[in-house]
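Everything below concerns the one structure shown next.
All residue numbers in this chain count up from 1 along the given sequence. Because the structure is predicted, anything quoted here is derived from the model rather than measured.
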Amino acid sequence: MSANLTQTVIAMDLVPFRFGPGATADVTVELERLGARRVLLVTDRHLRQHGLVEPVEAAILRAGAEVVVFDQVHIEPTDRSLRDAIAFAQRVQPDAYVSLGGGSTIDTAKAMNLFTSYPADLFDYINKPVGRGDPVPGPLKPHLALPTTAGTGSETTAVIALELTDRRLKTGISHRFIRPTMAIVDPLNTVTCPPMVTAFAGLDVLCHAIESYTAKPYHVRPRPDSPTERPAYIGSNPVADLWSAQAIRWGARYLRRAVYNPLDLEARTFMALASLTAGIGFGNAGVHIPHAMSYPIAGLVRDFFPPDYEVDEPLIPHGLAVVVGAPAGLRFTAPAWPERHAEVAEMLGIDTRGLPVRAAAEAVADALIQLMRDLGLPSGLAELGFTESDIPALVEGTLAQQRILVNSPRPVDERALRAIYREAMRYW
């Protein structure tokens, strides 16, 4: 890093997108434009029964391309599931990818594209300190991403999330070249999303946006020696703030409706839009403590089976793993930047008139707890099967997420994390 110099440049890479009911049909013209001839469609096998896969297959065929389907995506990808998917892609050698599914599907397609384009050991690209954090050598093959959940924003981001099975640790790969070529966001593809999947995904939207809006500002971070070393997450900035703030407002307004009234197309449309805009915001600014906590929370699951998920092994879905730590994490960061947290409280619909700024800042945590209660979520980590004896392992797993923790507006160490996890054990 350049000594005593801070970052002065806002670097924003945007994924082109097509948004709106019926946007799925754009797959054809986009593949024609790209000249694709052999397309690997990556999807979730459960989506076929909802009638979502066939229209995409047909759209690919109309483009004059051959389509090969991979539908063995693992919910919350692991190193093992990604290696299997990568091996499949290396046999197929497609010239383009189309992903149809939630964040797990889109991230799996990103990994298939990366490791087929530039073969390497999985740990070569995994972020430091867990892996080597090697930069991606160059652009990848074309990738059209079609989300079927309104949550991860993976269709816009430069990140692949995965769990290291033997270490029971979630980590990631991040680089600007990993972003899909285009996001095609059709809210009609989210209508069959079950209530709790909708809830967990939507809470991920809100946490993405809140964390990126409250992240350490870009201009107080060290300037890298070269623009090529600039991280994917640069910190909050006036451009990313526009996307994040609007995502918070839409999420607060429409999430409850989308969960309790699945056929409310207005709510589904604005939650899909919130996911897209939050993805653009956090994909540039980055997230911090709640997301850093989510990785060990998900990785250390014992016996929790989430409702509405078709899984045969214990699972804490990503959105649940994030939001369960968010109230405690954001209560911790509020004193470092109370004005910014108070703005978030107002975006969440809290009447902050007459409140001291510190009280308004801490109201963010209370609003998230109320939202969790309204949506019927577990009351904290204890209800997910964790006890006080798990805190050391949870803290250790969180401290391994340094690429995220550097975004926290308040420095966080082992002692602080222990206190945050104790608070997150039970909120009500």
Side-chain angles (χ1 to χ4, degrees), residues 15 17 41-47 52 70-79 81-82 85 97-114 143-163 170-174 178-180 182-187 189-190 192-194 196-209 211-212 232-233 247 251 255 258 271-283 286-287 290-291 294-295 297-299 306 308-311 315-323 404:
V15 170
F17 61 84
L41 172 58
V42 184
T43 190
D44 180 335
R45 65 184 182 276
H46 300 298
L47 294 182
L52 297 181
F70 177 83
D71 63 2
Q72 298 303 306
V73 169
H74 190 279
I75 297 178
E76 308 295 346
T78 68
D79 49 350
S81 75
L82 289 185
Y97 294 79
V98 173
S99 55
L100 174 72
S104 297
T105 298
I106 298 172
D107 279 6
T108 297
K110 289 176 180 177
M112 296 165 88
N113 195 358
L114 170 59
H143 174 194
L144 305 182
L146 286 74
T148 59
T149 62
T152 67
S154 183
E155 66 273 12
T156 68
T157 67
V159 178
I160 301 166
L162 70 149
E163 179 186 343
K170 287 199 73 170
T171 184
I173 300 170
S174 60
I178 292 173
R179 282 189 175 89
M182 177 173 287
I184 299 180
V185 185
D186 187 339
N189 288 334
T190 70
T192 59
C193 194
M196 291 315 296
V197 178
T198 299
F200 297 153
L203 289 163
D204 194 24
V205 170
L206 275 172
C207 290
H208 282 155
E211 290 173 62
S212 61
Y233 291 165
L255 177 55
M271 283 308 302
L273 198 53
S275 178
L276 176 72
T277 53
I280 294 170
F282 96 83
V287 287
H291 266 77
S294 76
Y295 290 136
I297 289 171
D308 292 340
Y309 283 75
E310 298 183 53
V311 293
L315 172 72
I316 298 176
H318 175 66
L320 175 57
V322 173
V323 78
I404 298 177

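- Smallest separation of non-hydrogen atoms from A247 and L206: O-CD2, 4.4 Å.
- Across all non-hydrogen atoms, the minimal contact from C207 to H291 is CB-CE1, 4.3 Å.
- Ring geometry for H208 against H318 counts as tilted: the plane angle lies between 30° and 60°, on a 0 to 90° scale.
- Put simply, the side chain of R45 never gets that close to the backbone of Q72: no donor and acceptor are under 3.5 Å apart.
- Atoms OG1 and CG, from T192 and L52 in turn, are 4.5 Å apart once rounded to the nearest 0.5 Å.
- Looking at every heavy atom in both residues, A209 comes nearest to S212 through O-OG, 3.1 Å.
- What you find for T149 and A201 is that their closest heavy atoms are CB-CB, 4.3 Å.
- Here D107 contributes atom CG and L162 contributes atom CG; the two are 9.0 Å apart, rounded to the nearest 0.5 Å.
- Side-chain contact check for I404 versus Y295: some heavy-atom pair is nearer than 4.5 Å.
- T43 and D71 share no side-chain donor-acceptor pair at under 3.5 Å.
- Rounded to the nearest 0.5 angstrom, M271 CE and T198 OG1 are separated by 8.5 Å.
- Between the OG1 atom in T157 and the CD1 atom in I106 there is a gap of 8.5 Å [rounded to 0.5 Å].
- With rounding to the nearest 0.5 Å, the separation of OG1 in T148 from CG in N189 is 7.0 Å.
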Test log, rule side chain to side chain contact (heavy atoms under 4.5 Å, CB included), inputs L100 and L41: CA-CA 7 Å; L100 174 72; L41 172 58; 4.3 Å; yes
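- A donor-acceptor pair shorter than 3.5 Å cannot be found between the side chains of H74 and S104.
- When each of D44, L82, N113 is checked for a side-chain contact (heavy atoms from CB on, under 4.5 Å) with T108, only L82 meets the rule.
- Using a 4.5 Å cut-off on side-chain heavy atoms (C-beta onward), M112 and F70 make contact.
- Scanning both residues, D204 and T152, for their nearest heavy atoms gives OD2-CA, 3.6 Å.
- Within 6.0 Å of the OH atom in Y309, the count of heavy atoms belonging to other residues, nucleotides or ligands exceeds 12.
- Of all the heavy atoms in A145 and E155, the pair that sits closest is CB-CB, 3.8 Å.
- Under the 3.5 Å distance criterion, with hydrogens and angles disregarded, no donor-acceptor pair is assigned to the side chains of K110 and S99.
- The shortest distance between side-chain heavy atoms of V42 and V98 does not fall below 4.5 Å.
- Under the 4.0 Å criterion applied to side-chain N and carboxylate O atoms, K170 and E76 are assigned as salt-bridge partners.
- Between D186 and L146 there is no side-chain heavy-atom pair separated by less than 4.5 Å.
- You'll find the side chain of V159 reaches within 4.5 Å of the side chain of Y233, heavy atoms only.
- Here the side chains of I160 and I178 are in contact, with some heavy-atom distance below 4.5 Å.
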